[in-house]
Visitor: 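Just passing along the structure, written as structure tokens.
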Amino acid sequence: MLKVLRRIVQEVSSAQRFEQALQILVSRVREALHTQSCTVFLLDDKKIYVLLATDGLNPSSVGKVRLTFDQGLVGLIGRTRELINIDNAPEHSDFFYVQGLGEERYKAFLGVPIVHNRALLGVLVVQQEEQRCFDETEEAFLVTMAAQLGGVLAHAEATGEISFKENKEQVQADIIFQGIASAPGISVGQAVVAYPFADLEAVPHKKVKNISAEVSQLKKAFKSARNDIQRLKKHMLSVLPEEEQALFDVYLMILDKASLEKEVIKVIQETQQWAQAALQIVIASHVLQFERVDDDYLRERAADLRDLGRRILMHLQHGQLTPILYPEKTILVGEEVSPSALAEVPEGRLVGIVSVKGSSHSHLSILARSLGIPAITGVENLPVNQLEAQTLIVDGAQGKLIVAPSAPVKQSFIALIEQQREFSDSLEPLRDLPAETLDGYSISLWVNTGLMADANLSLTAGAEGIGLYRTEMPFLIRDCFPAEDEQYGLYRQLLTAFSPRPVVMRTLDIGGDKALPYFPIKEDNPFLGWRGIRVTLDHPEIFLIQIRAMLRANRGLNNLRIMLPMISCVAEADHALRLINQAYEKELSEDPNACKPPIGIMIEVPSAIYQAHALAERVEFLSVGSNDLTQYMLAVDRNNPRVANLYDPFQPSVLQALVQVVEAAHQAQKPVSICGEMASDPLAIPLLLAMGFDALSMNSFSIPRIKSVIRHISFRQAKVLLAQVLKMDNAKTIRDYLGQALASLSLKTLASVEVEA
Ligand code: PEP
Ligand code: MG
């Protein structure tokens, strides 16, 4: 059953057109369940069920039969969100007779709702003449099918393919995709699809004018692929057993059969697609055919075909005639945009980044933030290969991507960009003023950084120090662990640039979504697994090299502070402190004047909240990592778009935790800062001030805005707001309340740009 299910979903997902996908679905489900009819109804935006595909009912009813939300058994299934399994449908009180549909002959009826992310999308029905109830296996099959179909439909809807009009090839105007907000700012520009080398699935669709150039390139690529295989075959003669060599003959057969080449040429000519996309279309359709058959040998051929396809593509890409043209305002889009793809865009042209994979903590996002380029990652269902040259709007603060915006939408975003620019300019004079409330209460503003470029920007933004230097960043962009001297060089440069201002260096925090390419960690639950301090305590040699590099870099400067990530109990803190002492002893033997830097602990795991006092007593400072703290308190993966709406640091539980941590730190007479994204959220500022945080650490671009909030509020007002908020039990109420409060504090521009944008 599972095999059949998988195959149907695969076939449906790879259909070229939506209508075709639905037709495949109903036919395959009908065959799999041996019923006489299978029908799919989808709900349109006016809450009308439209019959969109059937195998067994009158085919002319497709697109014509419409049921209101309450009508018939379909309506009942939708309303109750429950399956219905009855042996005699026409006798059911909810049965609704539709003339000409041809269902009166069917007695047995099994229908299930199609739901995705709680939203009802439609109903899937199978019917049979025989009067009988469907058994449990059939029920289970249809429920599973409908659940999978929900995802496929959501994708089609996202790409604009679900429209009750004739087949659409292009994405529709104003389609909004939701991703993870990864670097703030708004930009309007033109998409350039960045795709990995020789990856057939990633090839973007692109229409071309010069058909004969594409055809001749394709012929050359086929010829080169044939030569490759001949060469490989010869090379392997003495190495491989005879039966393995047969593989090359299969490859040659596929290539020599001129039909494959001809087929691709035909697609180029008929669709005006460039050779790479035409190749992708042809290979995909053959692969699908092979995968549909119930024969292991033939299914293996699908893998061979894919392999050959990649090889031909590689030759096509080598012989690519036209270099990539980057428009004035380039928005780089890709399945997984790499930092090197950013580097290829000519200076000054990159205005936005959109990546299907990745998170706000991937290296790409950190790079984007440091360069001040709006970015969105984790954009599920994005039809990357249809986006080439499309106009896009990237709203990096909200994680929203708008494809092919209509003129009024585009205009309103251009106005918003202008408004934000004016607002930033108006903050300029704040640069040299203190972060002080109206009644004279001051707080330190620090920056988070991970790269030197970033750090340089921080200096000009008026930062008082670095509150979080993510040392894993340089580790992420190398191909092996950097040696002590290399690390020393990096740390020394940073400490020197900021001296005498303090620099908080966090020890290596890898694992979770931050995997080093040369130190892979494969786990089912990476966020609950080998992360942060857990990795470095298990590898003292790596930890000690890093601490030694930091201590050496601190010589004569003494502005270093060291911070430990992901501490979940005092034993981990004690162990790390022992190792730091060991490194310090060694440092003393080389430099008798060496100062021991202040050590801090990050509070980002719920258990640490309850031990904050004990932890604070062991070190010189605490710092709250509100990103992880929110994720772990609410049990919401901070990078998973599916549960993104549940991730909210304004949840009362998180706010209570922050209050508790500040109290514990201050009781132990230790300062406490906050270095998660919450510290750069204007709404959170009154609360963080009133809680008593000693410093806020954020990306450099946020400093002027946050300073502006602080300078517009009094500490007394902040205290009142916090007292009110702590009485509330709902995150939305809290956000609304704070939004109104900011607006009434003459921070209207900030409130509207930040809250409503
Ligand atoms: C945090 O968790 O809030 C934090 C600052 O650390 P990171 O985002 O690097 O995990
Ligand atoms: Mg963290």
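When a ligand or atom number is given, it counts from 1 through the structure's own listing order.
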Visitor: Which of the numbered atoms in ligand 1 are under 4.0 angstrom from any heavy atom belonging to Leu468?
Guide: 5 (C)

Visitor: Which bit of Glu677 gets closer than 4.0 Å to ligand 1, counting heavy atoms only: side chain, backbone, both or neither?
Guide: neither

Visitor: Would Phe543 and His575 count as a close aromatic pair, with their ring centres under 6.0 Å?
Guide: no

Visitor: Check whether any N, O or S atom of Asp509 sits under 2.8 Å from the Mg ion (ligand 2).
Guide: no

Visitor: Looking at side-chain heavy atoms only, is the closest gap between Arg578 and Asp574 below 4.5 Å?
Guide: yes

Visitor: With a 4.0 Å cut-off on heavy atoms, does Arg506 reach ligand 1?
Guide: yes

Visitor: Go through ligand 1 atom by atom and flag the ones less than 4.0 Å from a non-hydrogen atom of Cys675.
Guide: 5 (C)

Visitor: Would you call Leu721 and Ile713 a side-chain contact if the rule is heavy atoms closer than 4.5 Å?
Guide: yes

Visitor: My understanding is that only one of Ser444, Ser697, Ser623 makes a side-chain hydrogen bond (donor to acceptor under 3.5 Å, both in side chains) with Ser673; could you say which?
Guide: Ser623

Visitor: Drop me the distance from Met550's CE to Leu560's CG, to the nearest 0.5 angstrom.
Guide: 7.0 Å

Visitor: Between Arg492 and Tyr488, is NZ or CZ placed under 6.0 angstrom from the six-membered ring centre and within 45° of the ring axis?
Guide: no

Visitor: Is the Tyr441 ring parallel, tilted or perpendicular to the Phe715 ring (thresholds 30°, 60°)?
Guide: parallel

Visitor: At less than 4.0 angstrom from any non-hydrogen atom of Gly625, what atoms of ligand 1 do you find?
Guide: 1 (C), 2 (O), 3 (O)

Visitor: What atoms of ligand 1 come closer than 4.0 angstrom to any heavy atom of Gly676?
Guide: 3 (O)

Visitor: From the N, O or S atoms in Glu604, identify the one nearest to the Mg ion (ligand 2).
Guide: OE1

Visitor: Of all the N, O or S atoms in Asp628, which one sits nearest to the Mg ion (ligand 2)?
Guide: OD2

Visitor: Any N/O of Asp628 closer than 3.5 Å to an N/O of ligand 1?
Guide: yes

